[in-house]
Amino acid sequence: MTQSIAIKIDGVSKRYGRNVLAVDHAKFDIKEGEFFTLLGPSGCGKTTLMRMIAGFETLTEGTIEICGQDMHGVPPNKRPVNMVFQSYAVFPHMTVAENLAYGLQIDKLGKSEIEKRVKDGLEMVRMSQFSDRRPNQLSGGQRQRVALARALIKRPKVLLLDEPMSALDAKLREEMQVELVTLQHEVGITFVVVTHDQQEALSMSDRVAVIEGGVVRQIATPSELYEHPKSKFVADFIGKMTTFPGKHRGDTNAGSKIEIPHFGEFQCREIVTDSPDLVVGIRPEKIEVRRREPEGDVIKMRGKVKNIMYCGGENHVYVDVDGHEIVAYLQNETRGFHEKFQVGDDVWSYWELNDVVVLDH
Amino acid sequence: MQNWRDEKNEFSILMLPPAFWLVTFFTLPLVVVWVYSFGNRGPLGETNLGFTLVNYVRAFELVHMAILWKTVWITIIVTALCFAFGFPMAMAISFAPGKWKLRLLMLVILPFWTNLLIRTYAWIAILRPRGILNGGLKWIHDTWYSLIGYGVEEIPKFVPWEILYNDKAVVIGLVYVHIPFMILPIYATMEKLDKSFLEASLDLGSSQMRTIFRVMMPLCMTGIVSGAMLVFVLTLGNFIVADVLGGTNSLMIGNQIARQFGAARDWPFGAALSFVILYATFILLWLRSIYAARLEQRDAKR
């Protein structure tokens with residue numbers, strides 16, 4: 001199925017003053033009906049990019065098209081997008097119902113139509129019983145729902161959400177993540193979310209754009225991003241990864257030969273790279289730890305347990321291998337499993353060849 | 001430094017000088033004037049203490065009530081004009097780029113460095129028949145007629161706009177003197193305002209104008225109310241502007257009171273007039289607090 005494009009970002013740059021380049025030649029498409037996330041550390045330009053889509057920032061270079069229409073010179077109030085602000089910006093001098101109606105009154109709808117849409121909107125976010133409340137009588141989560149409903153009943157082509165979960169506590173955050181995804185499937189509107197929380201990005205999105213220093217580093221599905229990161233930055237930013245410097249030792253029919261200095265050589269199942277210097281990475285949950293030497297076609301390293309962090313569901317075991325630290329997440333499958341290893345134990349840590357990630361240096 | 005009870009010593013030391021100051025130089029004189037308001041004027045203009053309500057009865061005579069009524073009207077107009085000009089000015093300063101903000105604020109505060117009397121006299125130079133304003137109007141008048149083909153001798157004589165020594169001049173002068181008191185509190189609330197409220201309004205499809213009236217103004221209400229109260233109170237008591245710029249008919253209640261303490265040498269009556277205004281202010285504040293409490297009750301019921 002070919003999906004049509006909701007937002008086309010083409011060579012977009014944003015410069016503040018002479019020296020600050022907040023967004024550097026961003027170029028990608030967001031598909032219709034997609035849950036798309038802009039992920040990156042604070043100050044990476046993701047919010048600037050979103051504000052350019054909403055029309056609050058001008059572009060220094062490039063074009064933004066929304067549903068095939070060039071947005072150059074179109075003010076925010078004339079764009080077919082709506083935004084949920086980080087602070088929610090629910091008007092404190094209006095009731096919940098008045099907040100929802102505020103945006104509709106401009107669309108020259110009849111009074112009964114506005115009332116119906118406000119009612120539907122409140123039902124959608126399960127806030128019907130609060131319609132006469134003032135925002136200062138609502139909790140953070142409830143305020144977020146009001147902001148969400150207020151934006152959605154405008155029936156935008158694209159809904160923009162700026163750090164939607166940052167003002168919520170941890171428990172509520174997970175609840176709202178599920179709710180947001182469900183809601184998106186219900187309404188079928190394209191969602192664009194800005195966040196710095198990689199967990200949030202992975203769990204909610206159809207696709208994620210990882211941004212660093214104003215540059216889009218990788219755009220991929222969450223699993224692709226986690227299992228096949230393209231750069232060390234992406235690998236480090238999303239999840240944890242133990243890395244070793246590696247050397248490319250030529251290719252065979254089977255795949256590239258790669259040497260990890262001091263630890264030996266191994267054979268990849270594919271041809272991974274051309275550059276001689278590279279980084280070999282492995283995710284902590286893919287590493288096994290045991291006392292006896294493992295057999296078979298695995299990469300194995302002998303070391304000493306340096307530290308153990310008990311995290312309830314899993315143990316984080318830090319193994320020291322000749323001054324190199326390997327982090328392994330071991331599931332506490334049975335009660336008492338967490339006591340299996342002690343600090344100072346001699347152990348083997350090992351992993352499947354398949355699980356190795358090879359990154360350009 | 002959490003409350004008075006926990007740090008008795010520190011607070012008493014801090015509070016003693018201002019308390020002494022207020023009692024000596026504010027409360028005591030006020031009590032003296034209050035006592036005077038029940039006294040009577042001696043034949044030579046001296047004040048004899050006593051207890052009589054004659055001064056108050058006189059204060060409620062039609063002549064004085066008419067002046068008070070007119071003063072209140074002028075004050076309302078001045079407050080409204082201060083808001084109409086002050087709100088956009090506060091907005092302009094608040095939205096100005098960083099380095100301009102301070103300069104513009106300085107321009108608002110700058111007139112305070114000059115004596116009020118001198119500033120008021122400057123308006124005479126502007127408003128008088130051969131002043132700056134009428135000079136400009138005359139130039140426009142002459143230029144216009146020569147442009148549409150009148151010869152130098154044919155141009156009709158320019159009649160200056162009579163804007164000095166009447167109520168118009170008083171209103172202009174009062175607005176000029178008091179507008180900073182409107183701008184500054186509104187500016188202060190605007191600075192604290194989360195700008196995403198305005199962006200949210202635009203994002204929901206509102207025009208800039210609708211955003212100003214439906215979101216900006218309601219959210220700046222605390223600043224508007226304090227600014228309006230400051231301007232109202234200061235204008236109500238002002239007598240210098242009416243004295244300098246007003247005509248014989250532009251008497252405000254402040255002038256009337258000042259006259260009793262000055263030329264008329266009738267301190268008891270002046271005191272009574274002052275206190276009538278003070279009582280009226282208290283009643284207004286009391287009504288306002290009742291109204292505010294009722295609003296709060298209504299909101300709590302929701």
Side-chain angles (χ1 to χ4, degrees), chain A residues 17 47 50-51 53-57 74-109 129-138 146-147 149-156 158-160 162-163, chain B residues 83 87 90-91 94-102 185-228 288 291-302:
Chain A
T47 302
M50 171 173 275
R51 289 173 58 81
I53 298 173
F56 296 123
E57 303 275 354
V74 181
N77 52 337
K78 297 280 195 293
R79 295 194 180 200
V81 298
N82 284 109
M83 188 155 164
V84 175
F85 289 80
Q86 186 170 8
S87 59
Y88 308 141
V90 177
F91 303 130
H93 58 294
M94 299 180 192
T95 65
V96 168
E98 283 164 358
N99 260 283
L100 264 67
Y102 181 80
L104 297 176
Q105 286 156 358
I106 299 145
D107 294 343
K108 297 200 177 75
L109 298 168
Q129 69 270 40
F130 298 108
S131 76
D132 288 333
R133 292 271 188 100
R134 297 246 168 202
N136 59 7
Q137 297 165 302
L138 300 178
V146 175
R150 185 177 68 177
L152 278 174
I153 58 171
K154 289 281 288 179
R155 298 184 185 161
V158 179
L159 184 74
L160 308 171
D162 187 8
E163 301 272 7
Chain B
F83 171 69
F87 189 85
M91 232 172 88
S94 176
F95 284 96
K99 61 175 182 184
W100 278 98
K101 246 181 216 187
L102 217 66
I186 293 179
Y187 169 77
T189 37
M190 260 178 204
E191 278 299 285
K192 278 184 282 173
L193 185 70
D194 180 359
K195 297 287 188 290
S196 61
F197 286 125
L198 310 178
E199 287 181 346
S201 170
L202 291 175
D203 187 71
L204 289 166
S206 285
S207 61
Q208 303 277 352
M209 273 303 173
R210 188 172 189 257
T211 301
I212 290 171
F213 285 107
R214 294 280 313 265
V215 178
M216 185 100 162
M217 272 190 196
L219 291 181
C220 291
M221 218 17 117
T222 46
I224 295 172
V225 169
S226 24
R288 193 178 156 270
Y291 175 70
R294 201 170 284 176
L295 266 188
E296 222 161 83
Q297 235 171 17
R298 194 197 66 191
D299 276 353
K301 256 186 217 154
R302 279 172 188 263

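Just so we're clear, the structure is a prediction, and the values are computed from it rather than from any experiment. Reminder, nothing fancy here: chain letters follow the sequence lines and each chain counts from 1.
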By a 4.5 Å heavy-atom criterion (distance strictly below it), what part of B:D203 contacts chain A: side chain, backbone, both, or neither?
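Looking at B:D203, backbone and side chain both touch chain A.
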Going by distance alone, is a donor N or O of one side chain under 3.5 Å from an acceptor N or O of the other, for A:Y102 and B:S206?
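Side-chain D/A pair, A:Y102 to B:S206: present.
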Find the one option among [options] whose heavy-atom pairs under 4.5 Å with chain B are most numerous.
options: A:P92, A:G103, A:G55, A:A89; value: A:A89
options: A:A54, A:P156, A:S87, A:P75; value: A:S87
options: A:K78, A:R79, A:R150; value: A:R150

Rounded distance (nearest 0.5 Å) linking atom CG of A:L160 with atom OG1 of A:T47:
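It is 11.5 Å, given to the nearest 0.5 Å.
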To the nearest 0.5 Å, how far apart are CG in A:L104 and NZ in A:K154?
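With rounding to 0.5 Å, CG (A:L104) is 6.5 Å from NZ (A:K154).
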Counting distance only, does the side-chain N/O of B:E191 pair as donor-acceptor with the main-chain N or O of B:A188 below 3.5 Å?
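It does not hold such a pair.
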Could you look at A:F91 and say if it's the side chain, the backbone, both or neither that has a heavy atom under 4.5 Å from chain B?
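Contact with chain B: backbone and side chain both.
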Check each atom of A:V90 against the heavy atoms of chain B and say whether the ones under 4.5 Å are side chain, backbone, both or neither.
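Contact with chain B: backbone only.
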Could you tell me whether B:F213 atom CZ has more than 12 heavy atoms of other residues or ligands within 6.0 Å of it?
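Atom CZ in B:F213 is not packed in, count stays at 12 or less.
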